[in-house]
Amino acid sequence: MRLDAEGIALLAFGALGAVMLIVRFRWRESFRRFGRVPPPDPDFARQFAALRDEDYDLVLRGEASVNHRTVTWPLASLLVSRGQLELRVRGVEPIRIVRAEVTGLWWVGAPFGRGLRFRTASGRLDEVTVWSVGKAEKQLTELGWY
């Protein structure tokens with residue numbers, strides 16, 4: 001059996017279409033959580049207070065990475081009060097964190113600064129890192145975040 005040029009082209013086109021369908025569905029599946037974190041436990045969610053920007057004690061601007069979505073300064077800000085904090089990253093819904101949910105802060109080193117990661121019992125914030133400038137560690141410790 002001999003394939004002519006038209007048959008080969010049709011076979012190649014069909015194979016390419018099949019590969020594109022597989023890649024499309026696998027791509028969507030692997031990036032479903034891109035830039036998102038799971039919701040907090042209902043017990044913690046009830047503890048959130050509706051604060052205005054000026055009600056927060058500290059605002060840190062810098063870089064943030066949320067589930068492989070990274071934004072740089074000034075598109076990420078961390079608003080901190082004694083009882084809660086809110087991470088605002090452009091293109092991602094705000095991430096609200098109650099102090100009771102956090103079991104500790106984990107500071108990671110990098111060549112150009114230090115990153116802040118949050119330890120929680122549920123692990124919902126494992127893929128969140130905030131890179132800040134200045135004396136963020138000292139300021140957060142003064143507000144009871146350590």
Side-chain angles (χ1 to χ4, degrees), residues 7-146:
I8 292 173
L10 191 57
L11 186 62
F13 184 72
L16 179 64
V19 167
M20 289 183 69
L21 278 174
I22 292 169
V23 168
R24 178 176 179 215
F25 288 112
R26 297 295 290 167
W27 181 275
R28 185 181 303 157
E29 182 180 304
S30 65
F31 284 98
R32 186 176 337 148
R33 291 187 51 222
F34 183 69
R36 296 188 171 187
V37 297
D41 184 86
D43 292 335
F44 296 127
R46 285 191 281 276
Q47 295 178 23
F48 292 129
L51 297 179
R52 298 176 309 205
D53 288 359
E54 56 270 9
D55 293 334
Y56 286 98
D57 299 316
L58 175 65
V59 176
L60 300 171
R61 298 208 190 285
E63 181 178 338
S65 176
V66 179
N67 276 347
H68 309 290
R69 179 184 181 105
T70 302
V71 297
T72 58
W73 184 91
L75 302 177
S77 58
L78 184 68
L79 292 84
V80 184
S81 72
R82 290 193 180 277
Q84 71 184 34
L85 56 84
E86 182 174 334
L87 176 60
R88 295 182 185 165
V89 177
R90 185 175 184 133
V92 175
E93 59 191 62
I95 300 168
R96 292 177 181 89
I97 306 165
V98 177
R99 178 65 187 103
E101 180 181 13
V102 177
T103 59
L105 301 180
W106 176 26
W107 292 92
V108 293
F112 300 107
R114 290 175 49 110
L116 170 64
R117 301 192 81 180
F118 304 95
R119 288 189 190 137
T120 61
S122 67
R124 83 175 184 104
L125 302 172
D126 286 351
E127 295 296 323
V128 175
T129 306
V130 179
W131 303 92
S132 176
V133 295
K135 299 176 181 174
E137 187 172 0
K138 180 181 177 204
Q139 293 170 320
L140 287 169
T141 302
E142 289 172 356
L143 291 173
W145 292 85
Y146 44 85

Practice problem: Show the numbers, then the answer: is there a side-chain contact (heavy atoms from CB on, under 4.5 Å) between Leu116 and Leu105? | Solution: CA-CA 7 Å; Leu116 170 64; Leu105 301 180; 3.7 Å; yes
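- A heavy-atom distance below 4.5 Å is not found between the side chains of Asp57 and Val80.
- Put simply, the residue from Asp126, Val130, Thr129 that forms a side chain to side chain contact (heavy atoms under 4.5 Å, CB included) with Phe118 is Val130.
- Here Trp73 contributes atom CH2 and Glu63 contributes atom CD; the two are 12.5 Å apart, rounded to the nearest 0.5 Å.
- With contacts defined as side-chain heavy-atom distances shorter than 4.5 Å, the pair Thr70/Val89 does not qualify.
- Looking at residues two or more places apart in sequence or on another chain, you find no side-chain contact (heavy atoms from CB on, under 4.5 Å) involving Ala50.
- Scanning for side-chain hydrogen bond (donor to acceptor under 3.5 Å, both in side chains) contacts around Arg119 gives an empty result, with sequence neighbours left out.
- Note that CG of Leu125 and CD1 of Ile95 are 7.0 Å apart. Values are rounded to the nearest 0.5 Å.
- Rounding to the nearest 0.5 Å gives a distance of 8.0 Å between CZ of Phe48 and CD1 of Ile97.
- Contact annotation: the side chain of Val66 approaches that of Val37 to within less than 4.5 Å [non-hydrogen atoms, C-beta and beyond].
- The shortest distance between side-chain heavy atoms of Leu85 and Leu78 falls below 4.5 Å.
- Listed by chain and number, the residues in a salt bridge (charged side-chain N to carboxylate O under 4.0 Å, His left out) with Arg88 are Asp53, Glu86 (sequence neighbours excluded).
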Enumerate, atom names and distances included, each donor-acceptor pair closer than 3.5 Å involving a side-chain atom of residues 131-142, sequence neighbours excluded.
from   : atom 1 : to     : atom 2 : distance (Å)
Glu137 : OE1    : Arg114 : NH2    : 3.0
Thr141 : OG1    : Glu137 : O      : 2.8

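- When all heavy atoms are compared, the tightest approach of Thr120 to Thr103 is N-OG1, 3.9 Å.
- Identified under the salt bridge (charged side-chain N to carboxylate O under 4.0 Å, His left out) test for residues 97-107, with sequence neighbours left out: Glu101-Arg124.
- Considering every non-hydrogen atom in both Ser77 and Val59, the closest pair reads CB-CG1, 4.5 Å.
- Taking both residues in full, the closest heavy atoms of Glu127 and Arg117 are given as CA-NH2, 3.8 Å, listed atom of the first, atom of the second, then distance.
- Listed by first and then second residue, the side-chain hydrogen bond (donor to acceptor under 3.5 Å, both in side chains) pairs that reach into residues 39-52 are Asp43-Arg46, Arg52-Glu54, Arg52-Asp55, sequence neighbours excluded.
- For the residue pair Gln84 and Leu51, the shortest heavy atom distance occurs at NE2-CD1, 3.4 Å.
- Shortest non-hydrogen contact noted between Trp145 and Arg82 is NE1-O, 3.7 Å.
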